2 protein chains.
Amino acid sequence: MSVSSTPSSPRYPGADRDARPDVSTIEDVLHGAGYRSTRPRRTIIETILDQAHPFTPEHLLAAVHRADPSLGRATVYRTLEILGALDVLTRVVVAEGHSAYVVGLPGHRHHLVCSGCGAAVPFTACPVDHLMAELSRTTNFAIQSHVLQFIGVCPACQPTP
Amino acid sequence: MSVSSTPSSPRYPGADRDARPDVSTIEDVLHGAGYRSTRPRRTIIETILDQAHPFTPEHLLAAVHRADPSLGRATVYRTLEILGALDVLTRVVVAEGHSAYVVGLPGHRHHLVCSGCGAAVPFTACPVDHLMAELSRTTNFAIQSHVLQFIGVCPACQPTP
DNA sequence: ACAACGAATGATACTACGTCTCAGTTATGT
DNA sequence: ACATAACTGAGACGTAGTATCATTCGTTGT
(Lines give C-alpha, C1' and ligand atoms only; values in the text may rest on other atoms or scores of the structure.)
Protein backbone atom coordinates (compact mmCIF):
# COMPACT_ATOMS: atom_id res chain seq x y z
CA MET A 1 0.00 0.00 0.00
CA SER A 2 1.56 3.27 -1.09
CA VAL A 3 0.65 6.80 -0.27
CA SER A 4 0.11 8.75 -3.43
CA SER A 5 2.06 11.93 -3.88
CA THR A 6 -0.57 13.84 -5.80
CA PRO A 7 -1.73 17.02 -4.13
CA SER A 8 -4.83 16.09 -2.19
CA SER A 9 -6.62 16.50 1.10
CA PRO A 10 -4.61 15.95 4.24
CA ARG A 11 -5.00 12.50 5.71
CA TYR A 12 -6.88 11.92 8.93
CA PRO A 13 -6.95 8.82 11.05
CA GLY A 14 -10.29 7.14 10.74
CA ALA A 15 -11.22 8.84 7.56
CA ASP A 16 -10.65 6.97 4.37
CA ARG A 17 -7.53 7.23 2.37
CA ASP A 18 -8.26 9.47 -0.54
CA ALA A 19 -7.78 6.90 -3.28
CA ARG A 20 -7.01 9.31 -6.06
CA PRO A 21 -6.69 7.62 -9.43
CA ASP A 22 -4.16 8.56 -12.09
CA VAL A 23 -4.70 9.79 -15.62
CA SER A 24 -4.53 6.43 -17.33
CA THR A 25 -7.00 4.86 -14.90
CA ILE A 26 -9.51 7.53 -15.77
CA GLU A 27 -8.78 7.20 -19.45
CA ASP A 28 -9.46 3.48 -19.11
CA VAL A 29 -12.84 4.29 -17.65
CA LEU A 30 -13.56 6.57 -20.59
CA HIS A 31 -12.43 3.93 -23.04
CA GLY A 32 -14.50 1.29 -21.33
CA ALA A 33 -17.55 3.46 -21.82
CA GLY A 34 -16.83 3.94 -25.51
CA TYR A 35 -15.24 7.39 -25.36
CA ARG A 36 -12.09 8.32 -27.24
CA SER A 37 -8.74 9.31 -25.83
CA THR A 38 -7.93 12.81 -26.93
CA ARG A 39 -5.32 15.32 -26.00
CA PRO A 40 -7.79 17.90 -24.68
CA ARG A 41 -9.37 15.27 -22.44
CA ARG A 42 -5.98 14.24 -21.16
CA THR A 43 -5.16 17.85 -20.32
CA ILE A 44 -8.45 18.23 -18.51
CA ILE A 45 -7.97 15.03 -16.52
CA GLU A 46 -4.46 16.05 -15.53
CA THR A 47 -5.75 19.39 -14.37
CA ILE A 48 -8.52 17.76 -12.38
CA LEU A 49 -6.00 15.56 -10.62
CA ASP A 50 -4.00 18.65 -9.74
CA GLN A 51 -6.87 20.11 -7.76
CA ALA A 52 -6.35 19.80 -4.04
CA HIS A 53 -9.94 20.77 -3.22
CA PRO A 54 -13.39 20.44 -4.68
CA PHE A 55 -13.59 22.64 -7.74
CA THR A 56 -16.28 24.38 -9.72
CA PRO A 57 -16.44 24.11 -13.51
CA GLU A 58 -15.26 27.70 -13.90
CA HIS A 59 -12.39 27.15 -11.53
CA LEU A 60 -11.33 24.14 -13.53
CA LEU A 61 -11.75 26.02 -16.79
CA ALA A 62 -9.34 28.67 -15.57
CA ALA A 63 -6.83 26.05 -14.47
CA VAL A 64 -7.11 24.25 -17.79
CA HIS A 65 -6.54 27.48 -19.66
CA ARG A 66 -3.34 28.00 -17.74
CA ALA A 67 -2.14 24.70 -19.17
CA ASP A 68 -3.59 25.24 -22.64
CA PRO A 69 -5.29 28.52 -23.45
CA SER A 70 -6.59 27.19 -26.74
CA LEU A 71 -8.64 24.45 -25.12
CA GLY A 72 -12.29 25.29 -25.60
CA ARG A 73 -14.75 26.05 -22.87
CA ALA A 74 -17.31 23.65 -24.26
CA THR A 75 -14.83 20.79 -24.13
CA VAL A 76 -14.25 21.34 -20.44
CA TYR A 77 -17.96 21.35 -19.69
CA ARG A 78 -18.59 18.33 -21.87
CA THR A 79 -15.79 16.37 -20.24
CA LEU A 80 -17.03 17.25 -16.76
CA GLU A 81 -20.45 16.01 -17.70
CA ILE A 82 -19.08 12.72 -18.98
CA LEU A 83 -16.84 12.16 -15.96
CA GLY A 84 -19.73 12.96 -13.67
CA ALA A 85 -21.96 10.45 -15.42
CA LEU A 86 -19.21 7.83 -15.15
CA ASP A 87 -18.89 8.46 -11.41
CA VAL A 88 -15.32 9.56 -11.72
CA LEU A 89 -16.45 12.84 -10.24
CA THR A 90 -18.80 13.34 -7.32
CA ARG A 91 -20.67 16.48 -6.46
CA VAL A 92 -20.37 17.93 -2.99
CA VAL A 93 -22.21 20.84 -1.45
CA VAL A 94 -19.68 23.54 -0.72
CA ALA A 95 -21.98 26.27 0.48
CA GLU A 96 -25.75 26.66 0.70
CA GLY A 97 -26.86 25.94 -2.79
CA HIS A 98 -23.46 25.78 -4.40
CA SER A 99 -21.81 22.55 -5.35
CA ALA A 100 -18.46 21.47 -6.66
CA TYR A 101 -16.79 18.36 -8.02
CA VAL A 102 -14.49 15.96 -6.22
CA VAL A 103 -12.45 13.19 -7.81
CA GLY A 104 -12.98 9.69 -6.61
CA LEU A 105 -13.35 6.41 -8.34
CA PRO A 106 -16.48 4.35 -7.70
CA GLY A 107 -17.39 3.00 -4.32
CA HIS A 108 -19.90 4.46 -1.93
CA ARG A 109 -18.33 7.58 -0.55
CA HIS A 110 -19.41 10.74 1.21
CA HIS A 111 -17.54 13.84 2.22
CA LEU A 112 -16.82 16.12 5.11
CA VAL A 113 -16.16 19.54 3.64
CA CYS A 114 -14.44 22.52 5.23
CA SER A 115 -16.46 25.69 4.81
CA GLY A 116 -13.28 27.71 5.15
CA CYS A 117 -10.80 26.31 2.67
CA GLY A 118 -13.00 23.82 0.86
CA ALA A 119 -10.97 20.76 1.76
CA ALA A 120 -12.96 17.56 1.39
CA VAL A 121 -12.34 14.47 3.49
CA PRO A 122 -14.00 11.36 2.10
CA PHE A 123 -15.50 8.63 4.27
CA THR A 124 -17.36 5.45 3.53
CA ALA A 125 -19.36 4.88 6.69
CA CYS A 126 -23.01 5.43 5.87
CA PRO A 127 -25.59 4.72 8.52
CA VAL A 128 -28.65 5.22 6.38
CA ASP A 129 -29.62 1.69 5.43
CA HIS A 130 -32.12 1.14 8.20
CA LEU A 131 -33.72 4.53 7.70
CA MET A 132 -33.85 4.02 3.96
CA ALA A 133 -35.61 0.70 4.33
CA GLU A 134 -38.10 2.21 6.73
CA LEU A 135 -38.83 5.20 4.52
CA SER A 136 -39.14 2.94 1.53
CA ARG A 137 -41.68 0.82 3.38
CA THR A 138 -43.74 3.65 4.83
CA THR A 139 -43.84 5.87 1.76
CA ASN A 140 -43.68 3.29 -1.04
CA PHE A 141 -41.10 5.40 -2.78
CA ALA A 142 -38.60 3.48 -4.88
CA ILE A 143 -35.51 5.03 -3.35
CA GLN A 144 -32.69 5.41 -5.85
CA SER A 145 -29.97 7.36 -4.13
CA HIS A 146 -29.13 9.55 -1.23
CA VAL A 147 -27.01 12.53 -0.34
CA LEU A 148 -25.09 12.59 2.91
CA GLN A 149 -22.54 15.20 3.73
CA PHE A 150 -21.05 17.07 6.64
CA ILE A 151 -19.95 20.66 6.60
CA GLY A 152 -17.55 22.02 9.18
CA VAL A 153 -14.31 23.83 9.79
CA CYS A 154 -11.05 21.94 9.42
CA PRO A 155 -8.32 22.23 12.07
CA ALA A 156 -6.25 24.57 9.94
CA CYS A 157 -9.15 26.97 9.45
CA GLN A 158 -10.22 27.06 13.08
CA PRO A 159 -9.45 30.26 15.00
CA THR A 160 -6.74 29.61 17.59
CA PRO A 161 -7.39 31.75 20.66
CA MET B 1 -54.78 17.01 15.61
CA SER B 2 -55.98 18.54 12.39
CA VAL B 3 -54.87 17.93 8.86
CA SER B 4 -54.06 21.19 7.18
CA SER B 5 -55.82 21.95 3.93
CA THR B 6 -53.02 23.85 2.29
CA PRO B 7 -51.79 22.24 -0.91
CA SER B 8 -48.81 20.17 0.11
CA SER B 9 -47.20 16.78 -0.23
CA PRO B 10 -49.40 13.77 0.21
CA ARG B 11 -49.22 12.25 3.67
CA TYR B 12 -47.50 8.96 4.31
CA PRO B 13 -47.65 6.86 7.41
CA GLY B 14 -44.34 7.03 9.20
CA ALA B 15 -43.22 10.17 7.52
CA ASP B 16 -43.72 13.38 9.40
CA ARG B 17 -46.71 15.56 9.03
CA ASP B 18 -45.75 18.45 6.84
CA ALA B 19 -46.14 21.22 9.38
CA ARG B 20 -46.69 24.06 6.95
CA PRO B 21 -46.83 27.47 8.62
CA ASP B 22 -49.16 30.26 7.59
CA VAL B 23 -48.41 33.73 6.31
CA SER B 24 -48.58 35.51 9.64
CA THR B 25 -46.28 33.00 11.30
CA ILE B 26 -43.66 33.69 8.68
CA GLU B 27 -44.20 37.42 8.93
CA ASP B 28 -43.63 37.12 12.66
CA VAL B 29 -40.31 35.47 11.97
CA LEU B 30 -39.40 38.33 9.65
CA HIS B 31 -40.44 40.89 12.22
CA GLY B 32 -38.53 39.12 14.94
CA ALA B 33 -35.41 39.41 12.83
CA GLY B 34 -35.95 43.13 12.27
CA TYR B 35 -37.44 43.03 8.80
CA ARG B 36 -40.48 45.02 7.75
CA SER B 37 -43.89 43.79 6.71
CA THR B 38 -44.55 44.87 3.18
CA ARG B 39 -47.16 44.01 0.62
CA PRO B 40 -44.68 42.51 -1.87
CA ARG B 41 -43.28 40.26 0.83
CA ARG B 42 -46.75 39.14 1.80
CA THR B 43 -47.51 38.28 -1.81
CA ILE B 44 -44.30 36.31 -2.08
CA ILE B 45 -44.95 34.39 1.13
CA GLU B 46 -48.50 33.57 0.03
CA THR B 47 -47.17 32.29 -3.26
CA ILE B 48 -44.55 30.20 -1.52
CA LEU B 49 -47.22 28.60 0.63
CA ASP B 50 -49.20 27.78 -2.51
CA GLN B 51 -46.39 25.63 -3.86
CA ALA B 52 -47.11 21.94 -3.55
CA HIS B 53 -43.55 20.93 -4.41
CA PRO B 54 -40.04 22.24 -4.00
CA PHE B 55 -39.60 25.25 -6.24
CA THR B 56 -36.77 27.07 -7.92
CA PRO B 57 -36.42 30.85 -7.70
CA GLU B 58 -37.48 31.24 -11.34
CA HIS B 59 -40.49 29.06 -10.83
CA LEU B 60 -41.52 31.14 -7.86
CA LEU B 61 -40.89 34.33 -9.77
CA ALA B 62 -43.30 33.20 -12.47
CA ALA B 63 -45.94 32.27 -9.90
CA VAL B 64 -45.52 35.59 -8.13
CA HIS B 65 -45.92 37.43 -11.40
CA ARG B 66 -49.20 35.68 -11.98
CA ALA B 67 -50.42 37.21 -8.73
CA ASP B 68 -48.77 40.58 -9.27
CA PRO B 69 -46.94 41.27 -12.52
CA SER B 70 -45.50 44.51 -11.20
CA LEU B 71 -43.60 42.83 -8.41
CA GLY B 72 -39.92 43.14 -9.15
CA ARG B 73 -37.59 40.24 -9.82
CA ALA B 74 -35.02 41.54 -7.37
CA THR B 75 -37.57 41.58 -4.57
CA VAL B 76 -38.32 37.91 -5.09
CA TYR B 77 -34.65 36.97 -4.99
CA ARG B 78 -34.02 39.16 -1.96
CA THR B 79 -36.94 37.71 -0.07
CA LEU B 80 -35.86 34.15 -0.87
CA GLU B 81 -32.43 34.94 0.43
CA ILE B 82 -33.82 36.33 3.67
CA LEU B 83 -36.22 33.44 4.22
CA GLY B 84 -33.43 31.01 3.53
CA ALA B 85 -31.19 32.68 6.07
CA LEU B 86 -34.01 32.59 8.64
CA ASP B 87 -34.49 28.86 8.06
CA VAL B 88 -38.04 29.32 6.86
CA LEU B 89 -36.90 27.73 3.63
CA THR B 90 -34.69 24.68 3.23
CA ARG B 91 -32.80 23.68 0.15
CA VAL B 92 -33.21 20.22 -1.28
CA VAL B 93 -31.36 18.56 -4.13
CA VAL B 94 -33.84 17.92 -6.91
CA ALA B 95 -31.47 16.58 -9.53
CA GLU B 96 -27.71 16.19 -9.78
CA GLY B 97 -26.46 19.65 -9.08
CA HIS B 98 -29.80 21.41 -9.04
CA SER B 99 -31.53 22.44 -5.89
CA ALA B 100 -34.85 23.94 -4.91
CA TYR B 101 -36.53 25.41 -1.87
CA VAL B 102 -38.99 23.77 0.49
CA VAL B 103 -40.99 25.50 3.19
CA GLY B 104 -40.60 24.33 6.72
CA LEU B 105 -40.25 26.08 10.00
CA PRO B 106 -37.26 25.24 12.18
CA GLY B 107 -36.70 21.81 13.58
CA HIS B 108 -34.31 19.27 12.25
CA ARG B 109 -35.83 17.94 9.07
CA HIS B 110 -34.70 16.12 5.96
CA HIS B 111 -36.50 15.19 2.77
CA LEU B 112 -37.25 12.33 0.47
CA VAL B 113 -37.71 13.82 -2.96
CA CYS B 114 -39.38 12.29 -6.00
CA SER B 115 -37.23 12.60 -9.09
CA GLY B 116 -40.34 12.39 -11.24
CA CYS B 117 -42.75 14.99 -9.93
CA GLY B 118 -40.57 16.72 -7.36
CA ALA B 119 -42.76 15.91 -4.37
CA ALA B 120 -40.87 16.20 -1.10
CA VAL B 121 -41.72 14.13 1.96
CA PRO B 122 -40.12 15.47 5.13
CA PHE B 123 -38.84 13.24 7.90
CA THR B 124 -37.07 13.89 11.17
CA ALA B 125 -35.25 10.65 11.82
CA CYS B 126 -31.55 11.29 11.41
CA PRO B 127 -29.09 8.55 12.22
CA VAL B 128 -25.92 10.58 11.82
CA ASP B 129 -25.08 11.50 15.41
CA HIS B 130 -22.72 8.64 16.06
CA LEU B 131 -20.96 9.06 12.73
CA MET B 132 -20.71 12.78 13.24
CA ALA B 133 -19.11 12.35 16.64
CA GLU B 134 -16.65 9.87 15.26
CA LEU B 135 -15.71 12.04 12.30
CA SER B 136 -15.39 15.02 14.56
CA ARG B 137 -13.01 13.08 16.78
CA THR B 138 -10.89 11.56 14.05
CA THR B 139 -10.59 14.62 11.83
CA ASN B 140 -10.75 17.42 14.42
CA PHE B 141 -13.16 19.25 12.18
CA ALA B 142 -15.66 21.46 13.99
CA ILE B 143 -18.72 20.04 12.31
CA GLN B 144 -21.43 22.63 11.81
CA SER B 145 -24.11 21.02 9.76
CA HIS B 146 -24.98 18.15 7.52
CA VAL B 147 -26.99 17.35 4.45
CA LEU B 148 -29.05 14.17 4.30
CA GLN B 149 -31.54 13.45 1.61
CA PHE B 150 -33.06 10.60 -0.31
CA ILE B 151 -34.02 10.67 -3.95
CA GLY B 152 -36.47 8.20 -5.40
CA VAL B 153 -39.68 7.73 -7.31
CA CYS B 154 -42.98 8.23 -5.54
CA PRO B 155 -45.80 5.71 -5.93
CA ALA B 156 -47.70 7.91 -8.36
CA CYS B 157 -44.68 8.29 -10.64
CA GLN B 158 -43.76 4.61 -10.70
CA PRO B 159 -44.48 2.70 -13.91
CA THR B 160 -47.32 0.22 -13.33
CA PRO B 161 -46.76 -2.86 -15.47
C1' DA C 1 -52.13 62.16 13.20
C1' DC C 2 -48.02 63.50 11.30
C1' DA C 3 -43.31 64.03 10.08
C1' DA C 4 -38.88 62.10 9.40
C1' DC C 5 -36.03 58.51 8.53
C1' DG C 6 -34.27 54.57 6.72
C1' DA C 7 -35.60 50.19 4.80
C1' DA C 8 -37.62 48.23 0.85
C1' DT C 9 -39.00 48.37 -3.89
C1' DG C 10 -39.00 48.12 -9.07
C1' DA C 11 -36.82 49.16 -13.38
C1' DT C 12 -33.09 48.37 -15.91
C1' DA C 13 -28.43 47.56 -16.98
C1' DC C 14 -25.17 44.28 -16.40
C1' DT C 15 -22.43 40.05 -15.44
C1' DA C 16 -21.52 35.28 -15.14
C1' DC C 17 -22.21 30.82 -16.25
C1' DG C 18 -23.42 27.56 -19.16
C1' DT C 19 -25.44 25.74 -23.82
C1' DC C 20 -25.81 25.37 -28.84
C1' DT C 21 -24.24 25.22 -33.45
C1' DC C 22 -21.28 24.13 -36.97
C1' DA C 23 -17.30 23.75 -39.85
C1' DG C 24 -12.98 21.74 -39.36
C1' DT C 25 -10.02 18.11 -37.02
C1' DT C 26 -8.63 13.73 -35.12
C1' DA C 27 -9.01 9.01 -33.12
C1' DT C 28 -10.18 4.43 -34.35
C1' DG C 29 -11.21 -0.04 -36.86
C1' DT C 30 -10.35 -2.27 -41.10
C1' DA D 1 -3.79 4.40 -45.45
C1' DC D 2 -8.64 5.20 -45.56
C1' DA D 3 -13.30 5.96 -44.21
C1' DT D 4 -16.14 7.11 -40.69
C1' DA D 5 -17.91 9.07 -36.81
C1' DA D 6 -16.59 11.23 -32.60
C1' DC D 7 -14.60 15.18 -30.97
C1' DT D 8 -13.06 19.94 -30.92
C1' DG D 9 -12.85 25.17 -30.73
C1' DA D 10 -14.90 29.55 -31.73
C1' DG D 11 -18.22 32.31 -30.85
C1' DA D 12 -23.12 33.46 -30.80
C1' DC D 13 -26.69 32.87 -27.75
C1' DG D 14 -29.77 32.18 -23.54
C1' DT D 15 -30.80 32.28 -18.89
C1' DA D 16 -30.35 33.12 -14.05
C1' DG D 17 -29.01 36.01 -10.88
C1' DT D 18 -26.76 40.67 -9.17
C1' DA D 19 -25.94 45.76 -8.80
C1' DT D 20 -27.46 50.34 -8.99
C1' DC D 21 -30.34 54.00 -7.92
C1' DA D 22 -34.23 57.08 -7.75
C1' DT D 23 -38.73 56.52 -5.69
C1' DT D 24 -42.02 54.61 -2.41
C1' DC D 25 -43.55 52.96 1.87
C1' DG D 26 -43.29 51.09 7.00
C1' DT D 27 -42.10 52.31 11.29
C1' DT D 28 -41.10 55.12 15.16
C1' DG D 29 -41.26 59.16 18.04
C1' DT D 30 -43.64 63.28 18.98
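Here is the naming used below: chain letters follow the sequence lines, and residue numbers restart at 1 for every chain. Computed from heavy atoms alone, side chains included, the values below leave out hydrogens, waters and symmetry copies. A quick note: this is a predicted structure, and the numbers were derived from the prediction, not measured.
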Next item on the list: Report the C-alpha distance between B:Glu58 and B:Tyr77 in whole Å, list the side-chain angles of each, state the deciding distance to 0.1 Å, and finish with yes or no for side chain to side chain contact (heavy atoms under 4.5 Å, CB included).
Entry: CA-CA 9 Å; B:Glu58 323 94 73; B:Tyr77 281 99; 4.3 Å; yes
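Residue contacts shown for B:His59 are absent, as no nucleic acid heavy atom lies under 4.0 Å away. Residue A:Ser70 is in sugar-phosphate contact alone, with no base atom involved, counting any heavy-atom pair closer than 4.0 Å across all strands shown. A:Arg78 comes within contact range of at least one nucleobase, with a heavy-atom separation under 4.0 Å.
Comparing D:dT27, C:dT9, D:dA16 by their nearest atom to the side chain of B:Glu58 picks out D:dA16. Here the nucleotide nearest the side chain of A:Arg41, chosen from D:dG17, C:dT9, D:dT8, is D:dT8. Distance from the side chain of A:Thr38 is smallest to D:dC7 among D:dG9, D:dT27, D:dC7. Among the nucleotides C:dA8, C:dG18, C:dA11, the one closest to the side chain of B:Ala74 is C:dA11. In the set D:dC25, D:dT8, C:dG18, D:dT8 carries the atom at the smallest distance from any side-chain atom of A:Thr75.
Cluster annotation: B:Val92 is not connected to B:Val153 through the hydrophobic network of ILVMFWY side chains, with a link wherever side-chain heavy atoms come within less than 4.5 Å.
For A:Arg91 and A:Ser99, the side-chain atoms include at least one donor-acceptor pair closer than 3.5 Å.
Rounded to whole angstrom, the span from the CD1 atom of A:Ile82 across to the P atom of C:dT19 amounts to 13 Å. Distance CD (A:Glu81) to P (C:dT19): 7 Å, rounded to an integer number of Å. Atom CG in A:Leu71 sits about 14 Å away from atom C1' in C:dT26, given to the nearest Å. For A:Arg36 and C:dT25, the CZ to P distance is 16 Å, given to the nearest whole Å. Atom OH in A:Tyr35 sits roughly 12 Å away from atom C1' in D:dC7 (whole-Å rounding). Protein atom CZ of B:Arg39 is 14 Å distant from nucleotide atom C1' of C:dA8, rounded to whole Å. As rounded to whole Å, 15 Å separates atom P of C:dA27 from atom CG of A:Leu30. Rounded to whole Å, atom P of D:dA16 lies 7 Å from atom OH of B:Tyr77.
Comparing the local axis fitted to the first five base pairs of the helix from C:dA1-D:dT30 to C:dT30-D:dA1 with the one fitted to its last five gives a bend of 50°, rounded to 10°.
In terms of modelled atom types and a separation under 3.5 Å, the side chain of B:Gln158 and the main chain of A:Asn140 share a donor-acceptor contact. B:Thr25 places no side-chain N or O within 3.5 Å of a backbone atom of B:Pro21 that could act as its donor or acceptor partner. At distances below 3.5 Å, not a single donor-acceptor pair connects side-chain atoms of B:Gln149 with backbone N or O atoms of A:Leu148.
Close placement of the B:His110 and B:His146 rings is indicated, their centers lying within 6.0 Å of each other.
The environment of CD in A:Glu81 is sparse: at most 12 heavy-atom neighbours from other residues, nucleotides or ligands sit within 6.0 Å.
The side chain of B:His31 places an N or O atom within less than 4.0 Å of a non-bridging phosphate oxygen (OP1 or OP2) of D:dT27.
A residue-by-residue look at B:Ser37 and B:Arg73 shows that B:Arg73 has its nearest nucleotide of DNA chain D further toward the 5' end.
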